[in-house]
Enquirer: 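The structure is given below, and queries will be raised subsequently.
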2 protein chains.
Amino acid sequence: MTELPRYLQLLWGREPEGRRGPKPGRTIEEIGAAAVAIADRDGLEAVSMKSVAQAVGFTTMSLYRYVDSKEELTAVMLDLAYGPPTFRYPRRSTWRKRITLWAKEIATVRLARPWSVELAQGGPPLTPNALSWTERGLEALAGTPLTSQERLSALLAIDVWGQNHVRLSTQMGLVGRSDPDRVEVSWFGLILRVVDKERFPHLLTAGAESLDDADEDFFEEEFERGLGLLLDGIAALIARQS
Amino acid sequence: MTELPRYLQLLWGREPEGRRGPKPGRTIEEIGAAAVAIADRDGLEAVSMKSVAQAVGFTTMSLYRYVDSKEELTAVMLDLAYGPPTFRYPRRSTWRKRITLWAKEIATVRLARPWSVELAQGGPPLTPNALSWTERGLEALAGTPLTSQERLSALLAIDVWGQNHVRLSTQMGLVGRSDPDRVEVSWFGLILRVVDKERFPHLLTAGAESLDDADEDFFEEEFERGLGLLLDGIAALIARQS
DNA sequence: TGCCACTGTGTATGCCGCAAGCAGTTATTA
DNA sequence: TAATAACTGCTTGCGGCATACACAGTGGCA
């Protein structure tokens, strides 16, 4: 069993006792917050070891006293972007209402920090805030007959879907109310120039019909559609276990 | 309406007529295939404009005659990694069986190219093979009462979930049969060192129970779990529309 | 109390990657 | 036939990540 990575030691307050040497000039939270501020203002590509170091009054290489790599820095950033979950579940609410709230809160956090969905994904959650959100998701499913594996599996599916929804909506410029005639036209309009009816009959039909039914607010309506589908799947599973 | 990006023109065979100048020395497929071969052999980080150029007998900057950026090169790589869908749906099969096959085939492709799930996602599908897979997914849902938006939404949810499943399983070293006592122990064992029962009661319970019920083959069993949930959701939607 | 190992910061440096710009050659169009 | 667009190689600039080391500060131990 190897030692905890440095950044996790720091984030969790789990440093070994009796560290010698000068006291650190900054906390890992300060460093992460500086990186988040840069990403918020100038986008993810503006976050470099150098820009972050400058923002906290260090020189570049001192950051490696807190994180071993830039990848670890981005993990810290994501944890800070998430922050602790502060919402409350209504009293006596159904699991469905609670999970819906959980998913909406996550999407809100992600939307406030669009750069967070562009970060490379580095594995399962390990940081304090990320795990706090997992805990809140499990709390929402408390009292259901699902096994633990089924609970974790369901939360993962919703989380992954939600991230992708934010990312795709952002990339397509479809966050917020939009002209129904313009919704998805950038994607469909583009593929219309290359696909032929012989090879892509279903796609052409689906695309045209989607334009007819175009959402007034793609982000919100597709959120309901996709989350509804996932919740229905969970409901079916619960019904089978009852 | 702007011009099609160069790489899409090339991939779709949609170049304007009458291009002057020397004939290109390579096709975009050849360049993409060289990049895929490098990624297969040495991993994604070994793919640089330089290494790809060398592999096809060019110098670095000539690649920009085919793609405008490295990002476009990775889109070409992904399309080639997918290849055209070659599977067949059984005659008279249910939508559920067809979608299951579709999802499994995608996962197989992704598993054969684990680097493909690490690529940054650049928006909705635009390339020939990627769109062919979408077409096959729509074909699997033909005959169901779902609207086109619901169909696209369902396919997207499954695709996204499948990619994440491959990525996470690969990152956690959980592809193929494994010692049940070791499954997820790397993740849970790690968080056990930092989480406390007061703050994370549900997580600790879920983790311990998951270890008790540990899968013999995490990848396969979690695939069934997660896909089952999504399919149940689609089934509920279909039942409501019937 | 003094010595020494460990730790925090700055500095110097190396290597690599992406891509703008230009020169020379090739093939099509006017 | 001349002009022009397109293909390739070459040059170059800039920025980023991270190894290694010097110096100063702090705690553990004899």
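What you see below is based on every heavy atom in this structure, not just the backbone, and it leaves out hydrogens, waters and symmetry mates. Residue numbers begin at 1 in each chain, while the letters A, B, ... track the order of the sequences.
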Enquirer: Could you tell me how far apart A:D68 (CG) and D:dC17 (C1') are, to the nearest whole angstrom?
Expert: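 Rounding to the nearest Å, CG of A:D68 and C1' of D:dC17 are 13 Å apart.
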Enquirer: Roughly how many Å is it from CE in B:M49 to P in D:dT11, rounded to a whole number?
Expert: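 These atoms are roughly 19 Å apart.
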Enquirer: With a 4.0 Å limit, can you tell me whether B:R19 has a side-chain N or O closer than that to the phosphate oxygens OP1/OP2 of D:dC7?
Expert: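 Checking B:R19 against D:dC7: at least one side-chain N or O falls below 4.0 Å of OP1 or OP2.
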Enquirer: For D:dC17, does either OP1 or OP2 sit under 4.0 Å from a side-chain N or O belonging to A:K70?
Expert: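 Result: yes.
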Enquirer: Let me know the distance between CD of B:E15 and C1' of C:dA27, rounded to the nearest Å.
Expert: 14 Å
Enquirer: Side-chain N or O of B:R65 less than 4.0 angstrom from OP1 or OP2 on D:dC7?
Expert: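 Result: yes.
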Enquirer: Assign each of B:G18 and B:V47 to its nearest nucleotide of DNA chain C by heavy atoms, then name whichever residue's nucleotide is nearer the 5' end.
Expert: B:V47
Enquirer: Does some side-chain heavy atom of B:I158 sit less than 4.5 Å from a side-chain heavy atom of B:W102?
Expert: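 The answer is yes; the side chains approach within 4.5 Å.
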Enquirer: Without swapping roles, check the side chain of A:E72 against the backbone of A:V67 for a donor-acceptor pair under 3.5 Å.
Expert: no
Enquirer: Between D:dG16, C:dG8, D:dT19, which nucleotide has the shortest distance from any of its atoms to the side chain of A:S48?
Expert: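 The listed nucleotide nearest to A:S48's side chain is D:dG16.
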Enquirer: Looking at every strand, decide which applies to B:F58 at a 4.0 Å heavy-atom threshold: base, sugar-phosphate, or nothing.
Expert: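 The answer is sugar-phosphate, as B:F58 gets under 4.0 Å only of primed atoms, P, OP1 or OP2.
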Enquirer: Would you tell me if any nitrogen or oxygen in the side chain of A:Y66 comes within less than 4.0 Å of OP1 or OP2 on C:dT9?
Expert: yes
Enquirer: Write down the distance between CE (B:M61) and P (C:dA19), rounded to a whole number of angstrom.
Expert: 8 Å
Enquirer: Which whole-number value in Å describes the distance from A:L10 CG to C:dT7 P?
Expert: 12 Å
Enquirer: Which one, D:dC17, C:dT7, D:dA6, comes nearest to the side chain of A:Y64?
Expert: D:dC17
Enquirer: Walk me through whether B:W133 and B:F87 qualify under ring-ring contact (aromatic ring centres under 6.0 Å, His included).
Expert: CA-CA 10 Å; B:W133 284 86; B:F87 62 95; 5.7 Å; yes
Enquirer: Is the closest basic N to carboxylate O distance between A:E15 and A:R19 below 4.0 Å?
Expert: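 Salt bridge flag = yes for A:R19 with A:E15.
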Enquirer: Does a side-chain N or O of B:S62 approach OP1 or OP2 of D:dC7 to a distance below 4.0 Å, or not?
Expert: no
Enquirer: Do any N or O atoms from the side chain of A:S51 and from the backbone of A:A46 form a donor-acceptor pair under 3.5 angstrom?
Expert: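 Yes: the side chain of A:S51 pairs with the backbone of A:A46.
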Enquirer: Is the phosphate of C:dT9 approached by A:K23 (side-chain N or O, under 4.0 Å from OP1 or OP2)?
Expert: no
Enquirer: For the side chain of A:T59, starting at C-beta, report the closest nucleotide among C:dT11, D:dT8, D:dG27.
Expert: C:dT11
Enquirer: Is any N or O donor-acceptor pair between the side chain of A:R20 and the base of C:dA5 shorter than 3.5 Å?
Expert: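 Counting by modelled atom types and ignoring angles, a donor-acceptor contact under 3.5 Å is found here.
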Enquirer: Cation-pi check, B:R26 to B:Y66: give yes when NZ or CZ is under 6.0 Å from the six-membered ring centre and within 45° of the ring axis, no otherwise.
Expert: no
Enquirer: Rounded to whole Å, please give me the gap between CD in B:E17 and P in C:dA30.
Expert: 13 Å
Enquirer: For A:E71 and D:dG16, give me the distance from atom CD to atom C1', rounded to whole Å.
Expert: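 Rounding to the nearest Å, CD of A:E71 and C1' of D:dG16 are 16 Å apart.
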Enquirer: If you check every side-chain atom of A:S69, which of D:dA24, D:dA18, D:dC17 has the closest atom?
Expert: D:dA18
Enquirer: Distance check needed: D:dG9 P versus B:K50 NZ, whole Å only.
Expert: 14 Å
